[in-house]
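Before anything else, here's the structure in question.
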Amino acid sequence: MKVLAQRLLGLISESLGLSTGRIEEAVGEFYQNITVSYYPPCPQPELTLGLQSHSDFGAITLLIQDDVGGLQVLKDGEWVTVHPLLDAIVVLLSDQAEIITNGKYKSAQHRAITNSSRARLSVATFNDPAKAVKISPVSELIGNSSPPRYREVIYGEYVSSWYSKGPEGKRNIDALLLDC
Ligand SMILES: O=C(O)CCC(=O)C(=O)O
Ligand SMILES: [Fe+2]
């Protein structure tokens, strides 16, 4: 999973005209956290969510889901179900990647819904910076015509604030937006 995350961030760097290792360099050493989520069947799925709308706070998330389905991403204002595919890994770009690329890439807003008949399991691998790392848009993407869109943040402080405010769409990263 770490090699895949490095490869994907390398391709994103190259797509922006940066050196292959540039985003990884900005993230620093990866700290990997794994969350296994179990969603029991819910008698009235329309009344509750398995996991409320949020974007992940690290750099990039790689997620494996079983064949039940329930992950949705917000696209053009609509919730789109990410249908399970055998052997597929879902890639969710996370908030630090959005900051580092100065918003050229956006973190994915997502949620999990429940269903009335089957339990669901997902395994997410989060690739995060160390808590002390300062994250800001990379200098190569900043210029007169593209000012920084996010203020610098110490990753550990971002995580603390995310947990104290709670997940709610993209309000945590939106709090770093600069007027420009
Ligand atoms: O269960 C899922 O598909 C989503 C899990 C998730 O978004 C998370 O753990 O951050
Ligand atoms: Fe998530």
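Keep in mind that this is a model prediction, so the values were computed, not measured. For ligands, and for the atoms within them, numbers begin at 1 and follow the listed sequence. We count residues from 1, following the sequence as given. Heavy atoms only: backbone and side chains are in, while hydrogens, waters and symmetry mates are out.
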Inset, instruction - Mind running side-chain contact (heavy atoms from CB on, under 4.5 Å) on Met1 and Ile89 for me, showing each step along the way? - result: CA-CA 10 Å; Met1 285 294 191; Ile89 296 173; 3.9 Å; yes
Inset, instruction - Using distance alone, decide if ligand 1 has a nitrogen or oxygen within less than 3.5 Å of any nitrogen or oxygen in His54. - result: yes
Legend entry - Donor + acceptor pair across side chains of Gln109, Ser53 (<3.5 Å):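 There is such a pair (donor and acceptor under 3.5 Å, judged by atom type) between the side chains of Gln109 and Ser53.
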Legend entry - Crowding at NZ, Lys131 (>12 non-hydrogen neighbours, <6.0 Å): no
Legend entry - Connected via hydrophobic side-chain network under 4.5 Å: Tyr39 and Val68: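 No: no chain of side-chain contacts under 4.5 Å links Tyr39 to Val68.
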Inset, instruction - Apply the test side-chain contact (heavy atoms from CB on, under 4.5 Å) to residues Gln32 and Leu62: give CA-CA distance (whole Å), side-chain angles for both, the deciding distance (0.1 Å), then the verdict. - result: CA-CA 11 Å; Gln32 288 193 305; Leu62 301 174; over 6 Å; no
Inset, instruction - Please lay out, stage by stage, how Val138 and Ile23 fare under the test side-chain contact (heavy atoms from CB on, under 4.5 Å). - result: CA-CA 8 Å; Val138 292; Ile23 296 178; 5.8 Å; no
Inset, instruction - Number the atoms of ligand 1 from 1 as they appear, then name those within less than 4.0 Å of a heavy atom of Tyr39, with their elements. - result: 1 (O), 2 (C), 4 (C), 5 (C)
Inset, instruction - Verify the cluster assignment for Ile99 and Leu141: are they in a single hydrophobic cluster under the rule of side-chain heavy atoms below 4.5 Å apart? - result: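 Same cluster.
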Legend entry - Least distance between heavy atoms, His54 atom then Trp162 atom: CB-CZ2, 4.0 Å
Inset, instruction - Would you list the protein N, O or S atoms within less than 2.8 Å of the Fe ion (ligand 2), leaving out water? - result: His54 NE2, Asp56 OD1, His110 NE2
Legend entry - Under 3.5 Å side-chain donor-acceptor pair for Thr20 and Glu14: yes
Legend entry - His110 to ligand 1, any heavy atom closer than 4.0 Å: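 A heavy atom of His110 does come that close to ligand 1.
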Inset, instruction - Report yes if Ser122 has an N/O atom closer than 3.5 Å to an N/O atom of ligand 1; otherwise report no. - result: yes
Legend entry - Subset of ligand 1 atoms that lie under 4.0 Å from at least one heavy atom of Phe126: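 That gives atoms 8 (C), 9 (O), 10 (O) of ligand 1.
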What donor-acceptor contacts under 3.5 angstrom involve side-chain atoms of residues 152-160, with partners at least two apart or in another chain?
unit_1: Tyr158; atom_1: OH; unit_2: Asp95; atom_2: OD2; d: 2.6
unit_1: Tyr158; atom_1: OH; unit_2: Ile173; atom_2: N; d: 3.0
unit_1: Ser160; atom_1: OG; unit_2: Gly156; atom_2: O; d: 2.9

Legend entry - Side chain, backbone, both or neither: Leu92 near ligand 1, heavy atoms under 4.0 Å: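 For Leu92, no heavy atom sits under 4.0 Å from ligand 1.
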Legend entry - Mode of Arg120 contact toward ligand 1 - side chain, backbone, both, neither (heavy atoms, under 4.0 Å):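 The answer is the side chain of Arg120.
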Inset, instruction - Before signing off on this row, confirm whether Asp56 and ligand 1 have an N or O atom pair separated by under 3.5 Å. - result: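 By distance alone, the answer is yes.
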Legend entry - Heavy atom of the protein closest to atom 5 (C) of ligand 1 (residue, atom name, distance):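 Residue, atom and distance for the closest contact: Leu51 CD2, 3.6 Å.
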